[in-house]
Amino acid sequence: MAYWLMKSEPTVFGIEHLQQRDVALWDGVRNYQARNFLRQMKKGDMAFFYHSNCKVPGIVGLMMIEREGYDDPTQFDPHHAYFDPKSSLAKPRWTGVDVRFVEKFQDTLSLNTLRAMPELADLPLVRQGNRLSLMPVSDQQWQVIWAHCKR
DNA sequence: GCCAACGTTGGC
DNA sequence: GCCAACGTTGGC
């Protein structure tokens, strides 16, 4: 089983949305590096839910990969914000996964706190200027983060 | 709202 | 294939 961290803007799709829906498609990833990670995800993998572009960016909860990578349907829909005219049913470009809500933490584990953990120095999230929207988390990194999550 | 950092696009 | 211009991300 592998571990991941996945970013989303809470005004677009936050942990509360996932909590309400229980299972949701993680769509809209339009970056090849991130897409390739999506394709590596396996059912049962665990992922931290990270809120970005908000007042207190940080880890807010836990989810599980429910369904492995399949064609992100939004790429085909010309009326959708995530539409990609260069993609087609014959040659789809983008992948989504289904994620299942597991829990919401009592407090946000803020980016500032994460940056203060020396064990996370190699995590792309804490590096300056990083824009990768989802990334693998090593076993050791996971343990360190998990120990700080208020449950 | 600002803007640095980054990825993508497209002319050449 | 280079690289300037452009658009986007995301912390602050």
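Below, chains carry the letters A, B, ... as their sequence lines are ordered, and counting in each starts from 1. Bear in mind the structure is a predicted one, so any value in this text is a computation, not a measurement.
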Rounding to a whole Å, what distance do you find between [X]:[atom1] and [N]:[atom2]?
{"X": "A/H51", "N": "C/dT9", "atom1": "NE2", "atom2": "P", "result": "17 Å"}
{"X": "A/I59", "N": "C/dG10", "atom1": "CD1", "atom2": "P", "result": "15 Å"}
{"X": "A/D84", "N": "C/dG7", "atom1": "CG", "atom2": "P", "result": "17 Å"}
{"X": "A/L134", "N": "B/dG7", "atom1": "CG", "atom2": "C1'", "result": "15 Å"}
{"X": "A/L132", "N": "B/dA5", "atom1": "CG", "atom2": "P", "result": "18 Å"}
{"X": "A/R35", "N": "B/dT8", "atom1": "CZ", "atom2": "C1'", "result": "15 Å"}
{"X": "A/Y50", "N": "C/dT9", "atom1": "OH", "atom2": "C1'", "result": "11 Å"}
{"X": "A/Q33", "N": "B/dG7", "atom1": "CD", "atom2": "C1'", "result": "11 Å"}

Among [options], which nucleotide has an atom closest to any side-chain atom of [X]?
{"X": "A/N31", "options": "B/dT9, B/dG7, C/dG10", "result": "B/dG7"}
{"X": "A/Y32", "options": "C/dG11, B/dT8, B/dG10", "result": "B/dT8"}
{"X": "A/Q128", "options": "B/dA5, B/dG10, C/dG10", "result": "B/dA5"}
{"X": "A/K7", "options": "B/dT8, C/dG11, C/dG10", "result": "C/dG10"}
{"X": "A/R115", "options": "C/dC12, C/dG10, B/dT8", "result": "C/dC12"}

**Item:** A/N130 or A/N53, whichever maps to the more 5' nucleotide of DNA chain B
**Value:**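 Of the two residues, A/N53 wins.
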
**Request:** Run the salt-bridge test on A/R35 and A/D72 with the 4.0 Å N-O cut-off and return the result as yes or no.
**Result:**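 No, A/R35 and A/D72 are not salt-bridged.
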
**Message:** Can you tell me if A/N112 touches the phosphate of C/dC12, counting only side-chain N or O atoms and a distance under 4.0 Å to OP1 or OP2?
**Reply:**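 For C/dC12, OP1/OP2 do have a side-chain N/O of A/N112 under 4.0 Å.
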
**Message:** Can you see if the side chain of A/K55 gets near the phosphate of C/dC12 - specifically, an N or O under 4.0 Å from OP1 or OP2?
**Reply:**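 Result: no.
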
**Asked** Do the numbers put A/R151 on top of the ring of A/W146, so that NZ or CZ is under 6.0 Å from the six-membered ring centre and no more than 45° off the axis?
**Response**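 Yes, a cation-pi geometry holds between A/R151 and A/W146.
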
**Asked** In Å, rounded to the nearest 0.5 Å, how long is the span from CE of A/M117 to CG of A/L123?
**Response**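 Rounded to the nearest 0.5 Å, the CE-CG separation comes out at 10.5 Å.
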
**Item:** Spacing of CG belonging to A/D139 relative to CE belonging to A/M1, to within rounding of 0.5 Å
**Value:**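 Taking CG in A/D139 and CE in A/M1, the distance rounds to 7.5 Å.
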
**Request:** If the plane angle is over 60° it's perpendicular, under 30° parallel, otherwise tilted; pick one for A/Y3 and A/W142.
**Result:**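 Geometry flag for A/W142 against A/Y3: parallel rings.
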
